[in-house]
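Proteins come first, then strands; the chains are lettered A, B, ... in the order of their sequence lines, and each starts at number 1. Atoms considered below: every heavy atom in the structure, side chains included; atoms not considered: hydrogens, waters and symmetry mates.
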There are 2 protein chains.
Amino acid sequence: MAFDPMSLKYNDAGLIPAIAQDAASGEVLMMAWMNADAVARTLDTGRVTYWSRSRQAFWVKGDTSGHVQHLVDFRVDCDRDCLLVSVNQTGPACHTGRRSCFYTAVRAGEEVELMQPMAPIPPSA
Amino acid sequence: MAFDPMSLKYNDAGLIPAIAQDAASGEVLMMAWMNADAVARTLDTGRVTYWSRSRQAFWVKGDTSGHVQHLVDFRVDCDRDCLLVSVNQTGPACHTGRRSCFYTAVRAGEEVELMQPMAPIPPSA
């Protein structure tokens, strides 16, 4: 069946959550939001593209930071109201410089920081 | 730092998305929603507990289906507006009987079903 981005279920703001998972390691990297156009752009370009709620603009992941997400596989859940994108992640996915946004665990009632920021990627020669 | 469920950022309905990931395989199983009480119950009981938006009630995963999620690790993201729970999943996570809710891929513009429902779990002797 041909896929139509309009067949997904979006919230009242026209957005659907998208989970990004590292294609190689299986690590869950981040969760952000897409609108129907961002879904279409992600599939058309192979560059994972979110909708920035704070900036109210397309957010082609890595366009500013260089921390690009290349799409490996695109999944829709049973209720068609959540997406899972498998990606090749360049550098950190998190704006804090950590590989994943999920770097804080709760263990025995305490918050525990599990990751440090990655070393900066040297600029291309 | 002691963790306080009220320190998370909830949406206008008082909910936060929670991604469930299989602790052993790394497979992303599902995404559902928690409110602050569901967060506290999940941490207190070790049984992953969501808030059912359709039923407007706590949803202790597996209480009806037997497809329990035992909490292995609980993570908070950088913006404190998304959760990642690492779980030991009994049987299928998806209400369709599939291991994961993300069983539909979009490849070359077509929807492709990647998983079949699991065999039923025999009732305990």
Among the options A:His95, A:Gln21, A:Glu111, A:Arg98, pick out the one with the most heavy-atom pairs lying under 4.5 Å from chain B.
A:Glu111
Quick one: which of A:Val106, A:Asp4, A:Val112 has the most heavy-atom pairs under 4.5 Å with chain B, could you say?
A:Val106
Which bit of A:Cys94 comes within less than 4.5 Å of chain B, counting heavy atoms only: side chain, backbone, both or neither?
side chain
Closest heavy-atom contact between A:Thr49 and A:Ala38?
O-CB, 3.3 Å
Look up atom CZ in A:Arg107 and atom CG in B:Leu43, then write down how far apart they are to the nearest 0.5 Å.
12.0 Å
With sequence neighbours excluded, tell me which residues meet ring pair (Phe, Tyr, Trp, His ring centres under 6.0 Å) with A:Trp33.
none
Tell me every residue that passes ring pair (Phe, Tyr, Trp, His ring centres under 6.0 Å) with B:Tyr50, counting only those two or more places apart in sequence or in another chain.
B:Trp59
Only heavy atoms, only distances under 4.5 angstrom. Which residues in residues 70-81 of chain B are near chain A?
B:Asp73, B:Phe74, B:Arg75, B:Val76, B:Asp77, B:Cys78, B:Asp79, B:Arg80, B:Asp81
Decide side-chain contact (heavy atoms from CB on, under 4.5 Å) for B:Asp63 and B:Phe58; before the verdict, give the C-alpha distance in whole Å, the side-chain angles of both, and the deciding distance to 0.1 Å.
CA-CA 11 Å; B:Asp63 258 5; B:Phe58 289 108; over 6 Å; no
Which atoms of B:Ile19 approach chain A - backbone, side chain, both or neither, heavy atom under 4.5 Å
side chain
Is it the backbone or the side chain of B:Leu114 that comes under 4.5 Å from a heavy atom of chain A, or both, or neither?
side chain
Please identify which of these residues, B:Gln89, B:Lys61, B:Arg47, meets the side-chain hydrogen bond (donor to acceptor under 3.5 Å, both in side chains) condition with B:Gln69.
B:Gln89
Listing request: all salt bridge (charged side-chain N to carboxylate O under 4.0 Å, His left out) pairs with a residue in residues 8-22 of chain A, at least two apart in sequence or in separate chains.
A:Asp22-A:Arg99
Could you check whether any side-chain N or O of A:Glu113 sits under 3.5 Å from a backbone N or O of A:Tyr103, counting only pairs where one atom can act as donor and the other as acceptor?
no
With chain A as the partner, which of B:Met31, B:Glu27, B:Met30 has the greatest number of non-hydrogen pairs under 4.5 Å?
B:Met31
B:Leu8 and B:Leu83: side-chain contact (heavy atoms from CB on, under 4.5 Å), yes or no, with the steps?
CA-CA 9 Å; B:Leu8 300 174; B:Leu83 302 173; 3.9 Å; yes
